[in-house]
Structure formats: C-alpha cells, structure tokens
Participant: 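This is the structure I want to talk about, given as structure tokens.
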Amino acid sequence: MTDTLFDESKEAHQTALRKLDSEIIGWLTTVRADGTPHSVPVWFLWHDGTVIVLSEPTTTKVRAIRRGSPVQFHLESGPFGSEIVILTGSAVLSDRPTTEWLDEIGAAYGTKYAEGMVDYGMDLGPIAEQFSTVIVITPEKLAAW
C-alpha cells in the first residue's frame, strides 16, 4: 500500500519521505476504549514502508492497538507549518520482541538515536528490554503539503 501513497514527482511527498527518514520525534495517536484520542511523542524508524515504534508493553497506545484502534502518525510541521506529514492507517503489535528486531533495525535505530541514547544513559540493549513491544504501523493514507 505504501508504494501507492507516495508520488515522488510531488515535492510534498519527497519532503515527507525525507522527514520520515530524518525526524527524531513523531506523534502517534490512538483511540482509547472510551473513544477519546490519545497522542504521544515517540521515537520511530521508517522501515520498509512502515513506521516502527518501540514501546513499553503496558502503555495506553499498546492497549489501544491491541483493541484494534486506528492510528495516525504526525511529524513536526516545519517552522511555518508548511511541511505537513500525517499518516493514517493500522497498527499491529509484533509477535517478535524488540531484542529480535535488533538484527533487522538495530544499526539504523542506533545511528538515528545515538544522541538520545546518550542523553537517556541507555544503549540499545537496555532500551530493547524496557521497550520490549514493537508497534508496526502500516500507513494507508498520506496527507502532505
């Protein structure tokens, strides 16, 4: 589905792909059981047309996704609100724990979040243990301008 989401002849779509590769923080929105939205900032990795988020297993977002909540994923809009990237889609909780995902995404994730890991005083091993649930977001709709 993501192959058809991005039209690389459009500048806004090119910008969206660059931002998905480079932005440090994204905002993940899920829907709680009572129907209210829940938005949180997350570290993420754009990987094979999906957004990968490592999470602690008992969070509100994990509970919502377990219930089948739709998701939206937003990036920072640029200094003047002119670099909008909003992905709407579905999310699943991976059957594989974060420690197993590290073979596939560890190098890219470690490079992207090297400064953040220093700031937190944690390297990939402890992060994989604490954030042991992997959320895989499959975008189905893109809003970009």
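Computation of the quantities below employed the complete heavy-atom set of this structure, encompassing side-chain atoms and omitting hydrogens, waters and symmetry-equivalent molecules. Since the model is a prediction, treat every value here as computed from it, not as a measurement.
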Participant: Holding to side chain to side chain donor-acceptor pair (under 3.5 Å), I want the full list of residues that pass it with E104, two or more places apart in sequence or in another chain.
Facilitator: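 Counting only residues at least two positions away or on another chain, E104 forms a side chain to side chain donor-acceptor pair (under 3.5 Å) with H47, R96.
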Participant: Roughly how far, to the nearest 0.5 Å, is the CD1 atom of I105 from the OG1 atom of T111?
Facilitator: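 Between atom OG1 of T111 and atom CD1 of I105 there are 12.0 Å.
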Participant: Looking at CG of L102 and CG of L124, how far apart are the two atoms once the value is rounded to the nearest 0.5 Å?
Facilitator: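 Atom-to-atom, L102:CG and L124:CG are 5.5 Å apart.
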Participant: Closest heavy-atom contact between S90 and E140?
Facilitator: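 Heavy atoms only, the tightest pair is OG-OE2, 2.9 Å.
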Participant: Hey, any chance I84 and I137 share a hydrophobic cluster, counting ILVMFWY side chains that come within less than 4.5 Å of each other, even indirectly?
Facilitator: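 I84 and I137: separate clusters.
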Participant: Do V85 and H74 pass the side chain to side chain contact (heavy atoms under 4.5 Å, CB included) test, and can you show the C-alpha distance, the side-chain angles, and the key distance before you say yes or no?
Facilitator: CA-CA 6 Å; V85 179; H74 302 240; over 6 Å; no
Participant: For E76 versus G78, what's the shortest heavy-atom pair and its separation?
Facilitator: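 Here E76 and G78 meet closest at OE1-N, 2.9 Å.
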Participant: For the backbone of I65 and the side chain of S69, can you confirm whether one donor and one acceptor N or O come within less than 3.5 Å of each other?
Facilitator: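 Not confirmed, S69 side chain does not pair with I65 backbone.
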Participant: Should V136 and V40 be counted in the same cluster of Ile, Leu, Val, Met, Phe, Trp and Tyr side chains packed under 4.5 Å apart?
Facilitator: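 Linked, V136 and V40 end up in one cluster.
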Participant: For L87 and V51: C-alpha separation, side-chain torsions, deciding distance, then whether side chain to side chain contact (heavy atoms under 4.5 Å, CB included) applies.
Facilitator: CA-CA 9 Å; L87 297 173; V51 176; 4.0 Å; yes
Participant: Would you compute the distance between atom OG1 of T15 and atom NZ of K19 and round it to the nearest 0.5 angstrom?
Facilitator: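 Result: 8.0 Å between the selected atoms.
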Participant: Which residue pairs pass the salt bridge (charged side-chain N to carboxylate O under 4.0 Å, His left out) test when at least one of the two sits in residues 115-124, sequence neighbours left out?
Facilitator: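 The answer is none; no pair qualifies.
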Participant: Give a yes or no on whether the backbone of R32 and the side-chain of T36 come within a donor-acceptor separation of less than 3.5 Å.
Facilitator: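 Looks like no, no N/O pair under 3.5 Å.
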Participant: Show the numbers, then the answer: is there a side chain to side chain contact (heavy atoms under 4.5 Å, CB included) between S132 and E56?
Facilitator: CA-CA 6 Å; S132 60; E56 293 176 305; over 6 Å; no
Participant: What's the spacing between E23 CD and L75 CG if we round to 0.5 Å?
Facilitator: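 It is 5.5 Å, given to the nearest 0.5 Å.
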Participant: Is T98 reaching over with its side chain to a backbone N or O of F131, donor-acceptor style, under 3.5 angstrom?
Facilitator: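 Confirmed, T98 side chain pairs with F131 backbone.
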Participant: So which atom in A16 and which in L142 form the shortest heavy-atom distance, rounded to 0.1 Å?
Facilitator: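 Of all heavy-atom pairs spanning A16 and L142, the closest is CB-CD1, 4.5 Å.
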Participant: Please check: side-chain N/O of K61 versus main-chain N/O of S39, any donor-acceptor pairing under 3.5 Å?
Facilitator: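 No, K61 side chain to S39 backbone: no donor-acceptor pair under 3.5 Å.
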Participant: Please give me the minimum heavy-atom distance between G49 and P139, naming the atom from each residue.
Facilitator: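 Result for this residue pair: O-CD, 3.3 Å.
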Participant: Using only atom types and a distance under 3.5 Å, with no angle test, would you say the side chain of H13 pairs donor to acceptor with the backbone of D7?
Facilitator: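 Yes, H13 side chain to D7 backbone: donor-acceptor pair under 3.5 Å.
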Participant: So Y109 and W43, would you call those rings parallel, tilted or perpendicular, with 30° and 60° as cut-offs?
Facilitator: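 Y109 and W43: tilted rings.
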Participant: Could you state the interatomic distance from OG1 (T50) to CD1 (I135), rounded to the nearest 0.5 Å?
Facilitator: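 So the gap between those two atoms works out to 12.0 Å.
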Participant: Apply side chain to side chain contact (heavy atoms under 4.5 Å, CB included) to L17 and E8, showing your working.
Facilitator: CA-CA 9 Å; L17 287 166; E8 293 192 49; 3.9 Å; yes
Participant: For F73 versus L20, what's the shortest heavy-atom pair and its separation?
Facilitator: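 The pair with the smallest heavy-atom distance is CE2-CD2, 4.2 Å.
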Participant: Would T88 and Q72 count as a side-chain hydrogen bond (donor to acceptor under 3.5 Å, both in side chains) here? Give the steps.
Facilitator: CA-CA 4 Å; T88 302; Q72 279 195 323; 2.9 Å; yes
Participant: Are M122 and Y113 joined in one hydrophobic group, where the rule is that I, L, V, M, F, W and Y side chains link up if heavy atoms are under 4.5 Å apart?
Facilitator: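 Linked, M122 and Y113 end up in one cluster.
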Participant: Output all residues satisfying side chain to side chain donor-acceptor pair (under 3.5 Å) with W101, sequence neighbours left out; order by chain, then residue number.
Facilitator: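 For W101, the residues satisfying side chain to side chain donor-acceptor pair (under 3.5 Å) (neighbours in sequence not counted) are S94.
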Participant: Side-chain heavy atoms under 4.5 angstrom apart, residues restricted to Ile, Leu, Val, Met, Phe, Trp, Tyr: same cluster for I86 and V31?
Facilitator: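 Different clusters.
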Participant: Are V62 and V71 co-members of a hydrophobic cluster defined by side-chain heavy atoms under 4.5 Å apart?
Facilitator: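 Yes; V62 is reachable from V71 via cluster members.
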Participant: Would you check if the side chain of R66 reaches a backbone N or O of L93 as a donor-acceptor pair within less than 3.5 Å?
Facilitator: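 No; judged by distance alone, with no hydrogens or angles, the pair does not exist.
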Participant: Taking the side chain as everything from C-beta on, heavy atoms only, tell me whether V53 gets closer than 4.5 Å to V134.
Facilitator: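 When only atoms from C-beta onward are counted, V134 and V53 do not touch, as no gap falls below 4.5 Å.
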Participant: Provide the closest heavy-atom pair for K112 versus F44 in the form atom of the first, atom of the second, distance.
Facilitator: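 K112 and F44 have their closest heavy atoms at NZ-O, 2.9 Å.
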